[in-house]
Amino acid sequence: NAGVTQTPKFQVLKTGQSMTLQCAQDMNHEYMSWYRQDPGMGLRLIHYSVGAGITDQGEVPNGYNVSRSTTEDFPLRLLSAAPSQTSVYFCASSSAGNEQFFGPGTRLTVL
Amino acid sequence: AQSVAQPEDQVNVAEGNPLTVKCTYSVSGNPYLFWYVQYPNRGLQFLLKYITGDNLVKGSYGFEAEFNKSQTSFHLKKPSALVSDSALYFCAVRDPARGGKSTFGDGTTLTVKP
């Protein structure tokens with residue numbers, strides 16, 4: 001099993017550009033989440049999903065969109081990148097009530 | 001709303017000494033509680049969890065945690081620290097009544113000195 005994979009590992013964007021961060025899992029987990037990690041602020045939940053076709057907002061959803069058309073994939077879209085979105089982004093998956101498995105992260109810089 | 005507090009940004013211990021990393025939580029129902037560890041430039045790795053049952057939970061790498069419902073705490077402990085335990089530790093809570101949503105603490109940096 002590959003677990004949770006994320007692409008790309010690194011990305012530099014200019015203000016106003018859009019992009020999609022990819023996340024995939026091969027463990028048939030129904031729950032998937034996107035977090036951002038900023039120094040001294042822990043992990044903040046952006047969006048999450050409890051199954052294909054179902055998504056909901058987390059603590060910091062503004063400027064991000066998600067969709068969940070399959071169990072395996074949960075892409076995160078940045079609509080119009082801003083410097084405040086410079087961060088490390090983690091995708092995670094889990095089954096009900098169990099621990100989350102995290103991807104290796106995407107380090108995003110917005111200039 | 002659910003929340004997690006890790007009151008110490010940093011914990012320093014000498015190798016061979018016991019360590020404790022503190023965590024308190026707030027949740028409306030019965031909590032699912034987790035500890036994760038993050039090594040530099042890596043994703044988070046699961047250490048242990050409390051769902052129900054025995055209040056003392058044992059996990060990976062010799063770590064354990066004690067669930068205390070009256071104090072709403074879930075402190076991480078290890079009897080004898082190793083230099084290789086140095087990392088960033090996160091406590092997380094999940095309210096099963098709220099589906100898949102988890103809340104993380106801000107993290108505690110553990111440094112174990114030889």
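A, B, ... follow the sequence lines: proteins, then strands. Residue 1 opens every chain.
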B:Gln6 portion near chain A, given a 4.5 angstrom heavy-atom threshold: neither
A:Ser95 versus chain B, the contacting section by heavy-atom distance below 4.5 Å: backbone
Salt-bridge present (A:Asp38, A:Arg44; N to O < 4.0 Å): yes
Portion of B:Leu44 that has a non-hydrogen atom of chain A nearer than 4.5 angstrom: both
Contact class of B:Leu88 relative to chain A, heavy atoms under 4.5 angstrom: side chain
A:Asp73 atom CG: more than 12 heavy-atom contacts under 6.0 Å: yes
Pairing of B:Lys77 and B:Glu64 as salt bridge, 4.0 angstrom limit: no
A:Asp56 versus chain B, the contacting section by heavy-atom distance below 4.5 Å: neither
Segment of A:Gln37 engaging chain B (4.5 angstrom heavy-atom cut-off): side chain
Heavy atoms from other residues, nucleotides or ligands near CZ of A:Arg77 exceed 12 (cutoff 6.0 Å): yes
Sole candidate of B:Tyr61, B:Tyr36, B:Phe34 that passes side-chain contact (heavy atoms from CB on, under 4.5 Å) when paired with B:Leu47: B:Tyr61
